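As the structure is a prediction and not an experimental result, all values here were calculated from the model.
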Amino acid sequence: MAAQVRVRFSPAPTGMLHVGSARTALFNWLYARHTGGTFILRIEDTDVARSRTEWVDQIQMTLRWLGLDWDDGPHLQSHRFDTYLAAAERLLVEGFAYECYCTEEEIKERNEEARRDGRAPGYDGRCRDLTVEQRLELVGEGRPRAIRFRTPDEGRSTFTDLIRGDVSVEWSTISDFVIVRSNSTPVFFLANAVDDIDMEITHVLRGEDLIDSTHRVLALRRALGSETPPAYAHLPLILGPGGAKLSKRHGAVALEEFRDEGYLPSAVLNYLALQGWGPEDGNEVMETDSIVAQFDLDGVSHSAAMFDHQKLDWMNGEHIRALPLADLVGEVLPFARDRYGGRLDVQVFEDAVALAQPRAKTLVHIAQQVQFLFIPEDEFRIDEAAWEKISKIDRLADFLDAAIQHLAVCAWDPESIDLRPLIEGLGLPVRKTMKAVFAVTQGSDVGLPAFEAIYLLTRETTLARLRAARARL
RNA sequence: GCCCCCAUCGUCUAGUGGCCUAGGACGCCGCCCUUUCAAGGCGGUAACGGGGAUUCGAACUCCCCUGGGGGCACCA
């Protein structure tokens, strides 16, 4: 057996957890749990200007909501600047890095010029081999000092990716890069390399957008004296519909949004696991435990996946239907309380959720479906389009009169409430006429099973709504 | 512009030289069930980007092209 697996999820706290990051977190977590390894949470907040502690908290909350627990951390890189700076100093002394006195503006200008001339952008190496005198002069001018890592001028960099095989690039295409900013804060590459060494990370699973930066991190690690690099696995990206970058335009992209829209964490986790990975038996609806048991790296696909909200909706419905009623009620309750507050009758609510469960896509959807039971009577409205449709129904007034008469005296149970015999008795078409029942009692011509719904509505309210509709004709 | 990665139904994917007249899932369409809408059942639609090469035989191997994505920051 190989050494214990140690993986980490290392987000930058610059915003909410995006589905792409969440998928990366998930795969790291799955791999750790599958192998019995350690899952570490590390916050890469080296960009002090953009990082915010509220995002650090928010990210943790979201990971917990998804059900991803970590064994170690969160470790904030902002607490370890001294360590990174000391490492940079060592690299400086040993000649792996050098001091750079070019200003950001100068570099930007030179890059733009290079682009105009059709040359490749990237640092031009101006400060690479300054003499002591030159350095002193630049310092004398009051110029800021950054530290740059010196990349090889020739040869190739190659590493073996766990899911892509050998990945290699010509060193000449990778220019010297900054590892310490002129304001003396460390940059991602440095902190990342140092921490992965110190935390003894064995496997780095991250998005494919980072594949090019791996060569630089690996070179840094070697310069820092690390002889055994971790295994790298670059995960396919998650794209929006049409293959464009997944963005707000395509609907929810932050996990918090999915939570607020009434998606179950188990469904989101299940769907995310399917972005780039699939179970061998093809059975896609899975409990988290089952995913953990089956997950492995060689099942990960190579190509990017497009995020499909429709499939997520279906998946969420599957998970909603798999939930025991009591659990589902607990899940929907916050959404319902939010809408109906004290008007919510828990017993009625439970029965209504049971009716909604087989036809629900999201928890919010369920909360909306039971609305007709809990809104104040003076706020109850029949959907205009539905009213338009049902008002054309043949002999609607006769039917409503008969229904009122029947419901005023019948026993109050769904069986006795059943209006179909009455409709047939009047010689009216059942399906068509039932549309009116839905609209008049629930506000829309589609809804929860009519007679159970009427039973929950109570005799009094039902009669009131029928009479109001009759009066409106 | 240069570099890197990728390439099977609309989408997620199975497929690792013959089991493929390419399988499953979402979606879509039809039928059944049915008090609406769903759910469920049954059936259908739909793909190996193009061209070479290797081979008795290529979705699967190799090369070229094309296409898509990513990167080339004192962001991560």
Can you say whether the rings of A:His234 and A:Tyr232 are parallel (under 30°), tilted (30 to 60°) or perpendicular (over 60°)?
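A:His234 and A:Tyr232: parallel rings.
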Using atom [atom1] of each nucleotide, how far apart are [N] and [M] to the nearest Å?
N     : M     : atom1 : result
B:C3  : B:C65 : P     : 12 Å
B:U45 : B:G10 : C1'   : 11 Å
B:U54 : B:C60 : C1'   : 14 Å
B:C64 : B:C72 : P     : 26 Å
B:C37 : B:C29 : P     : 14 Å
B:G52 : B:U16 : P     : 26 Å
B:A7  : B:C12 : C1'   : 15 Å
B:C28 : B:A39 : P     : 9 Å

Nearest to the side chain of [X] - [options]?
X        : options             : result
A:Glu104 : B:C12, B:A73, B:C74 : B:C74
A:Pro121 : B:C72, B:G71, B:C26 : B:C72
A:Ile107 : B:G71, B:C12, B:C74 : B:C74
A:Arg359 : B:C26, B:C37, B:A76 : B:C37
A:Pro358 : B:U8, B:A38, B:C5   : B:A38
A:Asp47  : B:G10, B:A73, B:C75 : B:C75
A:Arg321 : B:C26, B:A76, B:G40 : B:G40
A:Val178 : B:C5, B:U8, B:C74   : B:C74
A:Glu44  : B:C5, B:G1, B:A76   : B:A76
A:Arg156 : B:A25, B:G70, B:C4  : B:C4

What is the pairing partner of [N], taking Watson-Crick or G-U wobble pairs with both distances under 3.5 Å in any strand?
N     : result
B:C56 : B:G18
B:G10 : B:C26
B:G1  : B:C72

With a 4.0 Å cut-off on heavy atoms, is [X] in touch with a base, just the backbone sugar-phosphate, or nothing at all?
X        : value
A:Ala450 : base
A:Ser168 : sugar-phosphate
A:Gly278 : nothing
A:Ser10  : nothing
A:Pro449 : base
A:Gly276 : sugar-phosphate
A:Cys100 : nothing

Rounded to whole Å, please give me the gap between [atom1] in [X] and [atom2] in [N].
X        : N     : atom1 : atom2 : result
A:Tyr271 : B:U13 : OH    : C1'   : 11 Å
A:Asp124 : B:C2  : CG    : P     : 20 Å
A:His302 : B:A14 : NE2   : P     : 9 Å
A:Met306 : B:U13 : CE    : C1'   : 13 Å
A:Asp161 : B:G70 : CG    : P     : 18 Å

Note: [X]-[Y] ion pair, threshold 4.0 Å (strictly below):
X        : Y        : result
A:Arg164 : A:Glu208 : yes
A:Glu113 : A:Arg110 : no
A:Lys311 : A:Asp308 : no
A:Arg128 : A:Asp153 : yes

Check the phosphate of [N] against [X], side-chain N and O only, distance under 4.0 Å to OP1 or OP2. Yes or no?
X        : N     : result
A:Arg431 : B:U34 : no
A:Thr46  : B:A76 : yes
A:Arg110 : B:A73 : no
A:Arg216 : B:A73 : no
A:Thr173 : B:C72 : no
A:Arg145 : B:C74 : no

Test side chain to side chain donor-acceptor pair (under 3.5 Å) applied to A:Tyr455 and A:Asp351, step by step:
CA-CA 10 Å; A:Tyr455 168 71; A:Asp351 292 343; over 6 Å; no
Would A:Lys389 and A:Asp383 count as a salt bridge (Lys or Arg N to Asp or Glu O under 4.0 Å) here? Give the steps.
CA-CA 10 Å; A:Lys389 217 185 291 177; A:Asp383 175 71; over 6 Å; no
Tell me whether the side-chain N or O atoms of A:Lys108 pair up with the base of B:A73 as donor and acceptor below 3.5 Å, since no angle test is needed here.
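Under the 3.5 Å cut-off, the side chain and the base do not form any donor-acceptor pair.
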Does A:Asp209 contact B:G71 through a side-chain donor or acceptor facing the base, at a distance under 3.5 Å?
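Flag unset: no donor-acceptor pair detected.
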Would A:Arg206 and A:Thr214 satisfy side chain to side chain donor-acceptor pair (under 3.5 Å), going step by step from the backbone distance to the final call?
CA-CA 10 Å; A:Arg206 33 148 46 168; A:Thr214 305; 2.8 Å; yes
Specify the residue among A:Leu274 and A:Val446 whose closest nucleotide of RNA chain B lies further upstream toward the 5′ end.
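Closer to the 5' end of RNA chain B: A:Leu274.
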If you pin A:Phe189 and A:Leu312 to their nearest nucleotides in RNA chain B, which one's is more 5'?
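The answer here is A:Leu312.
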Are the side chain of A:His406 and the backbone of A:Ser416 linked by a donor-acceptor contact shorter than 3.5 Å?
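The answer is yes, because a donor-acceptor pair under 3.5 Å joins these two groups.
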